[in-house]
Amino acid sequence: MAQFNRWLERLKTAKLFAIDTETTSLDTLQAKIVGLCFAVENPEDKNSHLACYIPLTHDYEDAPKQLDLTMVLEQLTPILEDENILKCGQNLKYDWHVLQNHGISLKGMQFDTMLESYTLNSVATRHNMDDLALKYLNHRTTHFEEIAGKGKKQLTFNQIEIKTAAPYAAEDADITLQLHKTLWQQLEAEPKLKAVFTDIEMPLMPVLAHMERNGILLDTDMLAKQSEEITLKLAELEQKAHLIAGSDFNLNSSKQLQVVLFETLELPILKKTPKGQPSTAEPVLAELAEQGHEMPILILEYRSLAKLKSTYTDALPKQIDPQTGRVHTSYQQAVASTGRLSSTDPNLQNIPIRTAEGRRIRQAFIARDGYQLVAADYSQIELRIMAHLSGDEGLLNAFAQGLDIHQATAAEIFGIELDQVTTEQRRSAKAVNFGLIYGMSAFGLAKQLNVSRGTAQEYINLYFARYPGVLQYMENTKEHAKEAGYVETLKGRRLYLPDINARNGQLRQYAERTAINAPMQGTAADIIKMAMIQIEAWLNCTEFDIQMLMQVHDELVFEVAENQVEAVKKEIKTIMESALTLKVPLIVEIGQGKNWDEAH
DNA sequence: GGTATCACG
DNA sequence: ACGTACGTGATACCC
């Protein structure tokens, strides 16, 4: 107790302290505190740290009596909720959730070592503490598995003896503080990266935490019905396929399918997988189907239905939190090299939309009673960014006039008037526009459009002749990448390209395409992240009954009280469109409905 | 645990 | 001559 009081004083007066929560589980909404650890700079020696572990709810047999959790949290709450007492941590979003589970709103989250590492080098694959300690401090930490075991027999933290847990936990807090010092020094040497960290990544973290906690409601009856229907259709398709093959086989196994297609039925092998196996991927089966073979048609339909069932209609209901009745995704903020977010458990960023069957799954994402879903998405954001970054006059004009950009591109490429553009020409122009964003090759465009490579090259040449600024920009970007070894977004987010000068042509070309794509994809990520931060600030001071639920790269989804939808839409649109001022207008399309499909 | 496939922007 | 459009995550096999 005396020690705890001493630490209370230390934390109250510290300029900055590291915090780490030890918990019963890793589930953000269920995890409860087992112990708390803190680290501060040693006031008597700036080069060393003081770290402590406060065991609270270890409950193995013969565990010693520990300080009372409620009392400890009560004493700590004013410190944890004081935004002027700064905290650092490793993946603070997790600690925020854990404390939230105990009714505490952690504030003053100033530095997250995971995000510091990600901002410094987004290409590095892992930003977990053990790897960071090794990389930046040349220190090998004790891994959780070493004290808890692994696999089925792994202990949860409450089952670990305090004498083992304490040094492990204290090390974590100490290392976090050390890491922060090192990483922050590196960020301070790079003002633009420091701004990305301070102005975007750190303020975004609590926004994501709130969205995760909000979750979204699913219509489980609807999904169950869809599953049943799909099951029936799958059985029919399977029966037909077995009949044609003359034997029973597993339609889910690409290996067994290879045998049936290319040995039993002797269909031509059109493509091989990287491992040299005959490919049965979608484009191959589509081509075989076009040649008039029946089996590939069956397989394609079977696969698309099996995907919907296993990944969505069956899997999503299992992810519903029993306490809240909603699904709570986890947003990964330090994964995608371009600066985008990713979503896991479940991934809510790849819910079907492109087919009618798939859209039925979106219809099961619903608003609760008395509320509507509002979906707001940026229109053509990456092409607008390309117009801005390249400064190409033609492209800037097209956006300034509010033209349908694919139609305008078609008119330019084919040298005709806007109203003369056919559906087919617009489709080709759209593919060219997408290709530009991806660092297109004539081969890739040809494949996409199903035209000859020569024709594809012709489109590309025509495009660059009409939009010379874009060609210039692409050349400049590659040039810059080769000299600097990285490219950056409009906000200065950096993406390193170690292979940009590689002797291996394949690696180099891959890096060149990334050099083209990353500034556009990454700037779009910057923009929506800034919009999210501003929307959150507005939400925190508005009386409107609204929650932000999801982010899907260029789209935000909200749940809004029915009678406030119109007012709220106007505000969201304004904030999103003015998140960043470009040389072209940013346009947000916004809709509402009882479900996510309707809201589009 | 790697490979193939397919869902999204 | 070669391999070829950017970024993700989940699921099913199969070793």
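In what follows, chains carry the letters A, B, and so on, assigned in the order in which the sequence lines appear, proteins first and then strands, with residues in each chain numbered from 1.
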NA contact type, A:Gln256, heavy-atom cut-off 4.0 Å: base, sugar-phosphate, or nothing? sugar-phosphate
Do the side-chain N or O atoms of A:Thr273 get closer than 4.0 angstrom to the phosphate oxygens (OP1, OP2) of B:dA4? yes
Has the side chain of A:Lys307 got a donor or acceptor that lies under 3.5 Å from a partner of the other kind on the base of B:dC6? yes
Donor on one side chain, acceptor on other, A:Gln258 and A:Glu263, under 3.5 Å: no
Going by heavy atoms closer than 4.0 Å, what residues in residues 501-524 of chain A are next to DNA chain C? A:Gln506, A:Gln509, A:Tyr510, A:Arg513, A:Thr514, A:Asn517, A:Gln521
At less than 3.5 Å, do the side-chain atoms of A:Arg453 and the base atoms of C:dT4 form a donor-acceptor pair? yes
Bracket string, DNA chain C, 5' to 3' - pairs by Watson-Crick or G-U geometry under 3.5 Å, | interstrand: .....|||||||||.
Which part of the nucleic acid does A:Asn350 contact within heavy-atom distance under 4.0 Å: base, sugar-phosphate only, or nothing? base
Quick one: CD1 on A:Ile587 to NZ on A:Lys573, what's the gap to the nearest 0.5 Å? 5.5 Å
Exercise: do A:Asp392 and A:Gln472 side chains pair donor with acceptor under 3.5 Å: no
When A:Glu301, A:Glu238, A:Glu357 are each screened for salt bridge (charged side-chain N to carboxylate O under 4.0 Å, His left out) with A:Lys233, the one that passes is A:Glu357
No-hydrogen, no-angle side-chain donor-acceptor test under 3.5 Å, A:Gln333 and A:Lys93: no
C:dG3 and B:dA7: how far apart are their C1' atoms, nearest whole angstrom? 26 Å
Which residue, A:Asn504, A:Thr514, A:Leu507, forms the side chain to side chain contact (heavy atoms under 4.5 Å, CB included) with A:Asp499? A:Leu507
Any salt bridge linking A:Arg427 with A:Glu424? Criterion: basic side-chain nitrogen under 4.0 Å from a carboxylate oxygen. yes
Using the P atom on both, measure B:dA4 against C:dT4 and round to a whole Å. 13 Å
Is the shortest side-chain N/O distance from A:Arg354 to OP1 or OP2 of B:dC8 below 4.0 Å? yes
Taking only N and O in the side chain of A:Arg340, is any of them less than 4.0 Å away from OP1 or OP2 of C:dT8? no
Heavy-atom count check: over 12 atoms from other residues, nucleotides or ligands less than 6.0 Å from A:Gln239 CD? no
